[in-house]
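Notes for the one structure printed next.
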Amino acid sequence: MIKELHQKLINKKVSATELIQEYLDRIKKSDPVKSDGAGLNAFITVTDKDAMVQAKDIDNRITKGEKLPILAGIPASIKDVIMTQGVQTTAGSKILEKYIAPYDATLVRKLKDQGMIMLGKNNCDEFAMGSSNENSGYGPVKNPYDKTRVSGGSSGGSAVSVADNLSVYSIGTDTGGSVRQPAAFCGVVGLKPTYGAVSRYGLIAMASSLDQAGVLASSVEDVKIVFDVIKGRDTFDSTSIEIKRNKKEIKGNNLKNLKIGIPKEYFTRLDSARQVSGIDKEIEDSVKNAIKKCEELGAEIVEVSLPHTEYALAVYYIIMPAEVSANLARYDGIRYGQKEKAKNLFEVYSKSRAKYLGEEVKRRIMLGTYILSAGYYDAYYKKAQQVRTLIKKDFEDVFQKIDLLITPTTPHSAFKLGEKINDPLTMYLEDVFTVPVNVAGLPAISLPCGKTKNNLPIGMQLIGSWMSEEVLFGVGEVLEKGLGNKG
Amino acid sequence: MLSKQDVEHVAKLARIELNEQEKKKYQEQLGKVLDYFDKLKKVKTDGIETADGGTRGLKNVWREDENKTQDTINKTQDLIKMAPEKKDGQIKVKSVF
């Protein structure tokens, strides 16, 4: 969509002003939650005035005959855990209601330099904690395919924004699947880059060894265009890296010379004894159908094993809350955010946090604090970090033999609002196929590969070796055509 | 199930005030999640290094301290603007002791 829109703009078939107005009108019609409950609620803040000013500026530049970058004038939206200067940034939390970001995240600055027009900030689970967008302090996000169902999370607003064409692309964040899972639930493409590929400067931190900004759009090509702008080493994030050119190239419209691994542990049926969340048969069939397509396109399919897969969720739910408990200590009513009246300093902290932080956030802070507390650190945190090494090694070993892995993105399609909110562990199990990727720091992309009989989207996940985004894009584009996905 | 003392201890460390209802709820919920972690006991990890947290080959990237410029002073004031309570360009807090 980006290339086509770019051509339309520079050939003056449509003005940036007309384009932005069209998107703003669509947002106004579909998004706000009305008294009857209708409304997708994908946006917490809509920056309509700023967007129109930016659109006029783009139109002036076109009139002057200036050569414009490909993203100039293209309407985008940004998840509300990302800092956008001068604009309310809430992280989906009441504790940051009315907080105005004093600076731009590096990725936002890079996109602005390319002429991005930001339509607003997308709704998300509070502090990016959740798999359904039901944990937002600003109401849940509805799935446009069925408004009684969840959008997925935590980048639910981003996924819905793209799925309902309320923005052409959105930047989300993915710590345990928060870009890929809502992308799968909403039928769009979602990329989580290699850890370090995109600067985390300006991301409201959740779990620093796992967080990564990601891209959601309606086609692999669009995701690639945006990723190429936001990637790169940043002096403000010392964990950021340059993605070096990958030697493996996908040429032509086929997948010859490609070895695809199918990890058997990801296709297990429900096994309550081992507490693995088995996949729905419809999802399994849809993903297996896509794998068959890969074979038809010339790829060699190999069954592989990632023996520590069943431990990845436990590893994630130990390491992530531990890092969360440290990262969210700053929300104490002192430097920013809401503050409760209190008798003494301790109560400023304990009452402010009690009042303004949501239930899931408190739960994870408590869990993380317990895990890191004296007497438990070795049993939980140290153990989890050791098993993390073993999980990484599983992937290292397997990538010696194959070029990429294919798995389902999620065990289920979009569930009903309220269905899983009362049992935290059941909700956590929704992340079972996505978290190993973050634990290992690998890149992965979710692509739509079919629909359930209820017309709900199904996503397949391509997992690449470290820094192999180009392989993911190459395979993704061939598969998109092969599966007949609309661009 | 976690004990009530455990939950109260953790809530104190985390600086989050809980009511009696919440304490009961967390006793159960946290207990259930912690039980799930028992499966890691089956994994042999003797001699296995802890993971390095996502990035390999880290090196120190600190730079020398630089003197403040007007730009950094302005940025500081932008940050202080967001504090709930401030006075004379400084953030106001209750006494620590």
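Labels below follow one simple rule: chain letters A, B, ... track the order of the sequence lines, proteins then strands, and each chain is numbered from 1.
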Are the side chain of [X] and the backbone N or O of [Y] linked by a donor-acceptor pair below 3.5 Å?
{"X": "A/T389", "Y": "B/A51", "result": "yes"}
{"X": "B/E17", "Y": "A/K351", "result": "no"}
{"X": "A/R353", "Y": "B/A14", "result": "yes"}

Where does [X] contact chain B at under 4.5 Å (heavy atoms): side chain, backbone, both or neither?
{"X": "A/S325", "result": "neither"}
{"X": "A/D423", "result": "side chain"}
{"X": "A/Y428", "result": "side chain"}
{"X": "A/I391", "result": "neither"}

Note, [X] side chain near [Y] side chain (heavy atom, < 4.5 Å):
{"X": "A/E310", "Y": "B/K42", "answer": "yes"}
{"X": "A/R363", "Y": "B/V33", "answer": "no"}
{"X": "B/E22", "Y": "A/E359", "answer": "no"}
{"X": "A/M366", "Y": "B/V7", "answer": "yes"}

(message) Could you go through B/L79 and A/R335, starting from their C-alpha distance and side-chain angles, then the distance that decides it, and tell me whether this counts as side chain to side chain contact (heavy atoms under 4.5 Å, CB included)?
(response) CA-CA 8 Å; B/L79 294 174; A/R335 285 169 295 168; over 6 Å; no
For [X], does the [atom1] atom sit with more than 12 other heavy atoms under 6.0 Å from it, leaving out its own atoms?
{"X": "A/K382", "atom1": "NZ", "answer": "no"}
{"X": "A/K355", "atom1": "NZ", "answer": "no"}
{"X": "A/Y376", "atom1": "OH", "answer": "no"}
{"X": "B/Q21", "atom1": "CD", "answer": "no"}
{"X": "A/F236", "atom1": "CZ", "answer": "no"}
{"X": "B/N60", "atom1": "CG", "answer": "yes"}
{"X": "B/E8", "atom1": "CD", "answer": "yes"}

Which atoms of [X] come close to chain A, meaning under 4.5 Å heavy atom to heavy atom: side chain ones, backbone ones, both, or neither?
{"X": "B/K25", "answer": "side chain"}
{"X": "B/K44", "answer": "backbone"}
{"X": "B/I80", "answer": "neither"}

(request) Go through A/K343 and B/K94 one step at a time and tell me if the side chain to side chain contact (heavy atoms under 4.5 Å, CB included) criterion holds. (result) CA-CA 9 Å; A/K343 302 194 300 280; B/K94 289 199 187 300; over 6 Å; no
Pairs of heavy atoms under 4.5 Å with chain A: top-ranked of [options]:
{"options": "B/K92, B/E85, B/K86, B/R63", "result": "B/E85"}
{"options": "B/L30, B/D6, B/V43", "result": "B/V43"}
{"options": "B/V10, B/L13, B/D38", "result": "B/V10"}

Point-to-point distance, once rounded to the nearest 0.5 Å, from [atom1] of [X] to [atom2] of [Y]:
{"X": "A/Q85", "Y": "B/D78", "atom1": "CD", "atom2": "CG", "answer": "7.5 Å"}
{"X": "A/K393", "Y": "B/E49", "atom1": "NZ", "atom2": "CD", "answer": "13.5 Å"}
{"X": "B/Y36", "Y": "A/L429", "atom1": "OH", "atom2": "CG", "answer": "5.5 Å"}
{"X": "A/D332", "Y": "B/R15", "atom1": "CG", "atom2": "CZ", "answer": "10.5 Å"}
{"X": "A/Y370", "Y": "B/L34", "atom1": "OH", "atom2": "CG", "answer": "5.5 Å"}
{"X": "B/I16", "Y": "A/Y331", "atom1": "CD1", "atom2": "OH", "answer": "13.5 Å"}

(message) Under a 4.5 Å cutoff for heavy-atom pairs, which residue among A/I365, A/I319, A/I334 has the most contacts with chain B?
(response) A/I334
(request) Among A/Y349, A/F346, A/Y317, single out the residue with the greatest number of heavy-atom pairs under 4.5 Å to chain B. (result) A/F346
(request) Could you please spell out the steps behind the side chain to side chain contact (heavy atoms under 4.5 Å, CB included) verdict for A/Y103 and B/K75? (result) CA-CA 9 Å; A/Y103 57 92; B/K75 282 189 174 132; over 6 Å; no
(message) If I compare all heavy atoms of B/P84 with all of A/G333, which pair ends up nearest, and what's the gap?
(response) CG-O, 3.4 Å
(request) Taking all non-hydrogen atoms of both residues into account, name the closest pair between B/M82 and A/I100 and its distance. (result) CE-N, 3.3 Å
(message) A/L345 vs B/S95, test: side chain to side chain contact (heavy atoms under 4.5 Å, CB included). Steps then yes/no.
(response) CA-CA 7 Å; A/L345 188 59; B/S95 61; over 6 Å; no
(request) Return yes if a side-chain donor-acceptor contact under 3.5 Å exists between B/T45 and A/K383, otherwise no. (result) yes
